[in-house]
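Worksheet: the structure to be examined is printed underneath.
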Amino acid sequence: MNIPSKFDSEASEDKWYSYWIHNDYFHSEPDHRTPYTIVIPPPNVTGILHMGHMLNNTIQDVLIRRARMKGLNACWVPGTDHASIATEAKVVQRLKEQGIEKSDLTREAFLGHAWSWTHEHGGIILEQLKKLGCSCDWKRTKFTMDPDLSESVIRVFISLYEKGKIYRGHRMVNWDPEAQTTLSDEEVIYEERQGNLYYLQYTVVNSNEKITIATTRPETILGDTAVAVHPKDERFNHLHGKKVIVPIVGREIPIITDPYVDIEFGTGCLKITPAHDENDKAIGEKHGLEIIDIFNANATLNSFGLHYEGKDRFVVRKEITKELSEKGYLVKKEPHLHKVGTSERTKAVIEPRLSDQWFLKMKELAQPALEAVLDSDEIQLFPKKFNNTYRHWMENIRDWNISRQLWWGHQIPAYYYGDGNNDFVVAASAEEALQKAIEKTKNASLQLSDLRQDPDTLDTWFSSWLWPISVFDGIRFPDNEEINYYYPTNDLVTGPDIIFFWVARMIISGYEFRDEKPFSNVYLTGLVRDKQGRKMSKQLGNSPDALGLIKEFGADGVRVGLLLSAAAGNDLLFDESLCQQGKNFSNKIWNATRLIQGWEVSEDAHQPLYSKQGLEWYEAKFQSTLVEIEDHFSKYRISDALMAIYKLVWDDFCSWLLEIVKPPYGSPIDRISYQKAVYYLEQNLKLLHPFMPFLTEEIWQFLEQRTPDKALIVSQWPEMKKFDKTLLKNFETSVSLVANIRSIRKEKNVSFKEALSLVCLGDSYAIPNLEIVQKLGNIDTVTFVNEKPSKAVSFRVDAFEFFIPMTVGDVTEELEKIQEELKYAKGFLTSVQKKLSNERFVSGAPEKVVAVEKQKEADALAKIATLEASLESLKS
RNA sequence: GGGCGAUUAGCUCAGUUGGUUUAGAGCACUUGGUUUACACCCAAGGGGUCGGGGGUUCGAAUCCCUCAUCGCCCACCA
């Protein structure tokens, strides 16, 4: 069969992807083999593929394909996450566009809309992953709101509640006024913003004295219930126990003393608003202050806002500043840089708000997870520097606010039967809840209709933290075959941005629910940035269209482009030229195949010595590279592994081996060399396959002569064998000779077509791979002499001198070249001798090191002698 | 405010516990190339006082101190 002259990536991608699917190569079932498992970081169900996903999933695919070829039972579980806030926000948005408010809908009706949105957009991203070539076990696709996974979440909630780990608390939480829900601490991003520090005067009751407080949020004075000063701040001693009047509101509030106040900051007087600041709340509790909440859920002011009622907090900030100024309360306003908490999802400014929420106690749960990473090394993070980040978070872990005021998600299985703080039970169903409620209250007359389920849902991460367990149904059936076989999984590939959200919590849940780690290694990728180092974002429009790239450069090209410069944990500055490089590489491999395929094989032809030498060398080269590659993989240095293969294929295989083996024009190739060339091409394809699955499968299937494996995807990864290192060393000498000859051709303008002679000084020097040198240098005769030829250009390899006879008009150039070499050699010798003449080096350094230095000295001396002799003969 | 990590060729990065050439790779660059796989190519080249300063050592890109710049994470200073 003839191979087409161009590689058609698009056609190949569709063809081989369907072929793999059709043959069920991605599917895994427990068997006698050792499992190798990866669970995908589930993307948002309605999300679309971006560069981060591409990088992340390419790495996973490389790992899983390689594992598959190594004979492991490779299982990559795909799936999606319901992403409560993000999805609910999108659905609310869409409804708004249709003129429907969420508040107009019943919970059931809203969920109906959310599900249809999910069905409409859900899974698009999984289809996109297929375009990339991801070999996920699609039959195992999971969604965090699948019935089995949902049931697992509810069970876990109940079990933690029963263990006393989950409690309901009235706390200051992070309120997102846009999504109108609370957020966990991790979902709040602090941004530095330019604001103002407002200095406001409060009049002391029954006095003309005024005190000045400083605040960044003048609108919150409406909720002030005290002014605090430091007990040791003598400026305010006379005011202890007095009261002041809050401007505009006219409320009298006490002056209290608390060491929390920083004497140095602002005026040393701090207004206390317990409803809207966590510290103020603490001080308020300590001093028994009144709590006045001035905001509605959407951060407009409520009736405590007086004439500002109904207006947004930021509008009020402006307007109240004006009023305060007009009425003379505002002393001054100065610019002030401070951090503002914003919502990770909606970007809205977070409002600290007091409310009843569900919390998970973390301190004890975190302990085994902390030890697994930092003490026992049961779980390793790559790169290791993230251990510190991990430690810091785990050691300072705070209780996790797991309730969200959303409808899209897992509804909290708590059922209220009364209005008291404790009038609820936690149960898997309403019926069960009724039983429990009756037992608890001893009130047999309770009806289902008396129960009211908590309207809140659980934080999305409260379901994804179970992912490695729940996808194998290990929560509901802790002893099932699948969980026992696939768990713990092997590698997790994700971004460092979700190390707390997800990675740490999965480790926690793994130990809590399975008493075992969820995975052994965590590969943390970097962020994909644009060429200028900016984060890729929709607003900047600097995020390339993922599928467009695949179309332009081929999935293989894009994969290679992404991986070439993606060291673990390092951000990747993405540039399309990287994909171009990947595409060029595809082209190179394709053409190498075409070359080999085009050879005519002769059964009679003898194998030339150069082919034999070349193939023997390549065997050694391949093996030494394989060692290197395995080492890179073991350290998760994926890009280094790829680069090693890239050089092996491009330089060693194409530029050297194929040029060596290539038969002269018009001649056929001998059978042995041909078979070996094809064999090594196949070996190369195996190494390449995890990185470039489509191209390699296409070529593999083209080759007539094949190893017994049917498809490359399930072929066997090359075995490591012993190899002869001297072959490599000798070949380097040959390479050096060839390079020198080529260099001389270029300098002297001698065409490659013109054969040259090579003269070697000395009679017994065995030039390694002489036949190869002759072929690649186009050398017709080689002679050994004891006298330097008079008309020739020279070069030196190791300590030996070679000549290429030719009429040299001007010896100046030759002289300069030798002098240059001499200068270098002498400089080198000096540095070596400096070391050797140092008494303390000779006595202090290890013997081996000294011996090496002595050898260097001897070599340099020999080379200098040669060069000087050459100079002499040229000058004479 | 605290912690962590970086700083090596024009760009992106290697450089393993200090010692194999006077520091490497890929890309880019320069020069030459219509040889019968590939110009998405071939060949040959140029390019770095390893951020600055100080120290330890026989020997430092590598260890210590210090300064500078950048990045990330964490933290309740109004």
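Taking a 6.0 Å sphere around NZ of A:Lys817, one finds it holds more than 12 heavy atoms contributed by other residues, nucleotides or ligands. Crowding of A:Glu278 atom CD: a count of heavy atoms from other residues, nucleotides or ligands under 6.0 Å not exceeding 12. Within 6.0 Å of atom NZ in A:Lys753, 12 or fewer heavy atoms from other residues, nucleotides or ligands are found, so the atom counts as exposed in its surroundings.
Residue contacts for A:Phe500: at a heavy-atom cut-off of 4.0 Å it reaches the sugar-phosphate backbone alone, with no base atom in range. Among the heavy atoms of the strands, none lies under 4.0 Å from A:Phe386. Counting any heavy atom pair closer than 4.0 Å across all strands shown, A:Ala739 reaches sugar-phosphate atoms only and no base atom.
Under the side chain to side chain donor-acceptor pair (under 3.5 Å) criterion, the residue pairs touching residues 654-666 of chain A are A:Glu659-A:Lys662, with sequence neighbours excluded. A salt bridge (charged side-chain N to carboxylate O under 4.0 Å, His left out) check over residues 214-230 of chain A, counting only residues at least two apart or in different chains, returns the pairs A:Arg217-A:Glu219, A:Arg217-A:Glu351, A:Glu219-A:Arg317, A:Asp224-A:Lys271. For residues 192-202 of chain A, the salt bridge (charged side-chain N to carboxylate O under 4.0 Å, His left out) pairs, not counting sequence neighbours, are A:Glu191-A:Arg193.
Aromatic ring centroids of A:Tyr646 and A:Phe585 lie under 6.0 Å apart.
Whole-Å rounding puts the A:Leu578 CG to B:A28 C1' distance at 12 Å. In this structure, A:Glu576 atom CD and B:A28 atom P are separated by 15 Å, rounded to whole Å. For A:Glu820 and B:G45, the CD to P distance is 14 Å, given to the nearest whole Å. As a whole-Å value, the separation of A:Ile645 CD1 from B:G26 P is 16 Å. With rounding to whole Å, A:Leu648 atom CG is found 17 Å from B:A25 atom P. Residue A:Glu747 contributes atom CD, which lies 15 Å from atom C1' of B:U30 at whole-angstrom precision. If you take CG of A:Asp651 and P of B:A44, they are 10 Å apart, rounded to a whole angstrom. Here the C1' atom of nucleotide B:A25 and the CD atom of A:Glu628 are 11 Å apart, to the nearest Å.
Every residue two or more places apart in sequence or in another chain that forms a salt bridge (Lys or Arg N to Asp or Glu O under 4.0 Å) with A:Glu285 is listed here: A:Lys281. Partners of A:Glu395 according to the salt bridge (Lys or Arg N to Asp or Glu O under 4.0 Å) rule, which considers only residues two or more places apart in sequence or in another chain, are A:Arg391. Residues satisfying the ring pair (Phe, Tyr, Trp, His ring centres under 6.0 Å) criterion with A:Trp393, sequence neighbours excluded, are A:Phe500. Residues that satisfy the ring pair (Phe, Tyr, Trp, His ring centres under 6.0 Å) test with A:Phe795, not counting sequence neighbours, are A:Phe802.
Along RNA chain B, the nucleotide nearest to A:Val735 and the one nearest to A:Tyr824 differ in position, and the one closer to the 5' end is contacted by A:Tyr824. Toward the 5' end of RNA chain B, the nearer of the two residues A:Leu564 and A:Lys826, judged by each one's closest nucleotide, is A:Lys826.
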Inset, instruction - Mark up nucleotides 5-18 of chain B, 5' to 3', with B wherever a protein heavy atom is under 4.0 angstrom from a base atom, S wherever such an atom reaches only the sugar-phosphate, and - elsewhere. - result: -------SSSS---
Legend entry - Nucleic acid footprint by protein, nucleotides 32-42 of chain B - heavy-atom cut-off 4.0 Å, B for base, S for sugar-phosphate alone: S--BBBB-BSS
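Atom C1' of B:G32 sits at a distance of 43 Å from the matching atom of B:G18, rounded to the whole Å. A gap of 34 Å separates the C1' atoms of B:G10 and B:G3, to the nearest Å. Taking the C1' atoms as reference points, B:C73 lies 26 Å from B:U8, given to the whole Å. Between B:C4 and B:G47, the distance separating the two P atoms is 40 Å to the nearest Å. Annotation: B:U62 and B:U7 have their C1' atoms spaced 14 Å apart (nearest Å). Atom C1' of B:G51 sits at a distance of 11 Å from the matching atom of B:C70, rounded to the whole Å. Separation of the P atoms belonging to B:G59 and B:G19 is 14 Å when rounded to the nearest angstrom. B:A14 and B:G54 are spaced 28 Å apart, taking the C1' atom of each and rounding to whole Å.
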Legend entry - Bracket string, RNA chain B, 5' to 3' - pairs by Watson-Crick or G-U geometry under 3.5 Å, | interstrand: (((((((..((((.....[....)))).(((((.......))))).....(((((..]....))))))))))))....
Enumerate the protein-to-nucleotides 75-78 of chain B contacts in which both atoms are nitrogen or oxygen and the separation is below 3.5 Å.
{"unit_1": "B:A75", "atom_1": "OP1", "unit_2": "A:Arg398", "atom_2": "NH2", "d": "3.3"}
{"unit_1": "B:A75", "atom_1": "N6", "unit_2": "A:Lys339", "atom_2": "NZ", "d": "3.0"}
{"unit_1": "B:C76", "atom_1": "O2'", "unit_2": "A:Asn279", "atom_2": "ND2", "d": "3.2"}
{"unit_1": "B:C76", "atom_1": "N1", "unit_2": "A:Asn279", "atom_2": "OD1", "d": "3.4"}
{"unit_1": "B:C76", "atom_1": "O2", "unit_2": "A:Tyr260", "atom_2": "OH", "d": "3.1"}
{"unit_1": "B:C76", "atom_1": "O2", "unit_2": "A:Asn279", "atom_2": "OD1", "d": "3.0"}
{"unit_1": "B:C76", "atom_1": "O2", "unit_2": "A:Asn279", "atom_2": "ND2", "d": "3.0"}
{"unit_1": "B:C77", "atom_1": "O2", "unit_2": "A:Asp262", "atom_2": "OD2", "d": "3.2"}
{"unit_1": "B:C77", "atom_1": "N3", "unit_2": "A:Asp262", "atom_2": "OD2", "d": "2.7"}
{"unit_1": "B:A78", "atom_1": "O2'", "unit_2": "A:Ala214", "atom_2": "O", "d": "3.1"}
{"unit_1": "B:A78", "atom_1": "N6", "unit_2": "A:Asp262", "atom_2": "O", "d": "2.6"}
{"unit_1": "B:A78", "atom_1": "N6", "unit_2": "A:Phe265", "atom_2": "O", "d": "2.9"}
{"unit_1": "B:A78", "atom_1": "N1", "unit_2": "A:Asp262", "atom_2": "N", "d": "3.1"}

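Relative orientation of the A:Phe265 and A:His336 rings is perpendicular, given thresholds of 30° and 60° on the angle between their planes.
A donor-acceptor pair shorter than 3.5 Å can be found between the side chains of A:Glu187 and A:Ser184.
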Tell me which donor-acceptor pairs under 3.5 Å the side chains of residues 255-263 of chain A have, and how far apart each pair is, sequence neighbours excluded?
{"unit_1": "A:Asp258", "atom_1": "OD1", "unit_2": "A:Tyr260", "atom_2": "N", "d": "2.8"}
{"unit_1": "A:Asp258", "atom_1": "OD2", "unit_2": "A:Lys286", "atom_2": "NZ", "d": "3.0"}
{"unit_1": "A:Asp258", "atom_1": "OD2", "unit_2": "A:His287", "atom_2": "NE2", "d": "2.8"}
{"unit_1": "A:Tyr260", "atom_1": "OH", "unit_2": "A:Asn279", "atom_2": "ND2", "d": "3.3"}
{"unit_1": "A:Asp262", "atom_1": "OD1", "unit_2": "A:Glu264", "atom_2": "N", "d": "2.9"}

Legend entry - From CA spacing to verdict: salt bridge (charged side-chain N to carboxylate O under 4.0 Å, His left out), A:Glu186, A:Arg505: CA-CA 12 Å; A:Glu186 289 69 36; A:Arg505 286 172 182 161; 2.9 Å; yes
